Amino acid sequence: MPSMTRRQAYEARQRRRATLIAAGSTAAVLIALIVLIPLTPGWEAVKHSFFNARVFEKTFPGLLNAFVMDVAIFAWCAPLIAILGLLLAVARDIRNPALYPLKLFSIVYTDVFRGLPVILVIYLIGFGIPGLGLPRPWNSPYIWGSLSLILVYAAYVAEILRSGIESIHTSQRAAALSLGLSSSDTMRFVILPQAIRRVVPANMNMFIALQKDVALLSFIGPVEIFRQAGVYKSLMANFTPYVGAALIFLAITVPATRFADHLMNKQAKARS
């Protein structure tokens, strides 16, 4: 194994020094928090209300069971969001004048649903459509709440995919057309495979956000983890169930976020 140059050795020492400083400062802050927070006047009341071990032990299994509903809603929303977002992104890239209405629809759709808060769309669709008096199961808040998430998140995914499509150099499109590929085949076999790979990390972050926003459906009825935590809070007059729900979300989202960051770093290194 070849020995390091003086420059490489210096950079390695600097990295070790930076790591030690970062670890030391982080440890100092954590120690300060651990020591100082219990000294505050209201700590005992906060500890009883938010970090009650007895309440946590009693409610945590029920929160896990309720989280299954969050996972189920995410599982059927995610593929539909990906499909609708892809269709919108492709429609936004249409260059045939005869198909301009599709492009216009995609533009208006993304502008509208990116401009509306998620919770407002959930209220409008989740309460509005069942208000039409539809028979079961078409008045279900699970259906219309899920549709709300699909409509909003598809707009964001479409814009991410569109940025990936536009990042592909026009020379590749021209080369594909010169080889006899049609515009649709060029998009299908040349542009989209590259564009999708480029935006995988950004779309992963969107789906991490989706997993969290599933909890917003609790405002229109579905009993998922957030609503279940609220039920336990009311029954026991204690906020510890919300802390338990937060820990469950973190157990899912933090590893997914780190994986998304890993993909982004890997992609950045590949481009450099």
Side-chain angles (χ1 to χ4, degrees), residues 25-78 81 116-127 130 140-150 152-153 156 204-261:
S25 62
T26 302
V29 170
L30 290 175
I31 291 172
L33 291 174
I34 292 171
V35 172
L36 295 177
I37 289 178
L39 298 179
T40 57
W43 168 245
E44 287 302 322
V46 170
K47 181 180 178 181
H48 174 76
S49 297
F50 287 88
F51 305 102
N52 190 307
R54 181 184 61 82
V55 174
F56 182 86
E57 181 180 356
K58 189 173 182 180
T59 61
F60 193 73
L63 293 174
L64 283 176
N65 290 334
F67 189 65
V68 173
M69 177 54 64
D70 292 70
V71 174
I73 294 172
F74 173 85
W76 67 60
C77 285
I81 289 170
L116 292 173
V118 180
I119 187 62
L120 181 57
V121 178
I122 290 173
Y123 272 118
L124 290 174
I125 295 178
F127 287 126
S140 169
Y142 292 97
I143 294 176
W144 303 117
S146 299
L147 177 63
S148 304
L149 293 176
I150 292 167
V152 173
Y153 272 88
Y156 287 97
M204 278 199 64
N205 285 324
M206 288 304 304
F207 286 114
I208 291 168
L210 170 65
Q211 178 64 74
K212 295 180 294 181
D213 281 349
V214 168
L216 295 176
L217 299 191
S218 64
F219 290 107
I220 62 171
V223 181
E224 44 70 67
I225 187 171
F226 182 69
R227 178 171 284 268
Q228 187 63 56
V231 170
Y232 285 144
K233 186 268 294 183
S234 299
L235 290 174
M236 301 184 177
N238 193 283
F239 290 96
T240 302
Y242 285 127
V243 176
L247 292 176
I248 292 172
F249 274 114
L250 289 174
I252 299 297
T253 58
V254 170
T257 302
R258 295 281 69 81
F259 181 64
D261 290 343

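Here, residue 1 is the first one in the sequence, and each next residue gets the next number. All heavy atoms count here, side chains included; hydrogens, waters and symmetry mates do not. Worth saying up front: this structure is predicted, and the values here are computed from it rather than measured.
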Fill in: Donor-acceptor contact present, side-chain T40 to main-chain L36, <3.5 Å
no

Worksheet item: So which heavy atom on P38 is nearest to which on L33, and how close?
Response: CD-O, 3.9 Å

Fill in: Non-hydrogen side-chain atoms of M236 and T59 separated by less than 4.5 Å
yes

Item to complete: Indicate the atoms forming the closest heavy-atom contact of S140 with W144, along with that distance.
Response: O-CD1, 3.2 Å

Fill in: Residue pairs fulfilling side chain to side chain donor-acceptor pair (under 3.5 Å) with at least one residue in residues 237-260, sequence neighbours excluded
N238-T240, R258-D261

Practice prompt. Could you tell me the separation between the CD atom of Q211 and the CG atom of L149, rounded to the nearest 0.5 Å?
Written response: 10.5 Å

Practice prompt. State the OH-CG distance between Y156 and L210, to the nearest 0.5 angstrom.
Written response: 12.5 Å

Discussion item. Does anything in residues 213-234 form a side chain to side chain donor-acceptor pair (under 3.5 Å)? List the pairs, not counting sequence neighbours.
Written reply: Y153-D213

Response to the item:
When rounded to the nearest 0.5 Å, the distance separating OG of S148 from CG of L216 is 10.5 Å

Worksheet item: Would you call the rings of F226 and F219 parallel, tilted or perpendicular, where under 30° means parallel and over 60° means perpendicular?
Response: tilted

Worksheet item: Side chains of F50 and F56: closer than 4.5 Å at any heavy-atom pair?
Response: no

Worksheet item: Above 12 or not: heavy atoms from other molecules or residues under 6.0 Å from CZ of F127?
Response: yes

Fill in: Separation of I31 CD1 from T26 OG1 (nearest 0.5 Å)
11.0 Å

Worksheet item: Mind checking whether I143 and L147 have side chains closer than 4.5 Å, heavy atoms only?
Response: no

Worksheet item: If every non-hydrogen atom of F249 is compared with every non-hydrogen atom of K212, which pair is closest and at what distance?
Response: CE2-CA, 4.1 Å

Practice prompt. Mind checking the CD1-CD1 spacing from I34 to I37? Nearest 0.5 Å is all I need.
Written response: 8.5 Å

Practice prompt. Rounded to the nearest 0.5 Å, what's the gap from CZ on F51 to CZ on F239? Could you check?
Written response: 12.5 Å

Discussion item. Please enumerate all residues that pass salt bridge (charged side-chain N to carboxylate O under 4.0 Å, His left out) together with R54, with sequence neighbours excluded.
Written reply: none

Response to the item:
What one should report as the nearest heavy-atom pair of I81 and F207 is CG2-CE2, 4.1 Å

Discussion item. Counting C-beta onward and ignoring hydrogens, is there a side-chain heavy-atom pair between L116 and V152 closer than 4.5 Å?
Written reply: no

Worksheet, complete the sentence: In terms of heavy-atom contacts, A66 and D70 come closest through O-OD1, 3.3 Å

Item to complete: Return the minimal non-hydrogen interatomic distance between P241 and V55, and the atom names on each side.
Response: CD-CG1, 3.9 Å

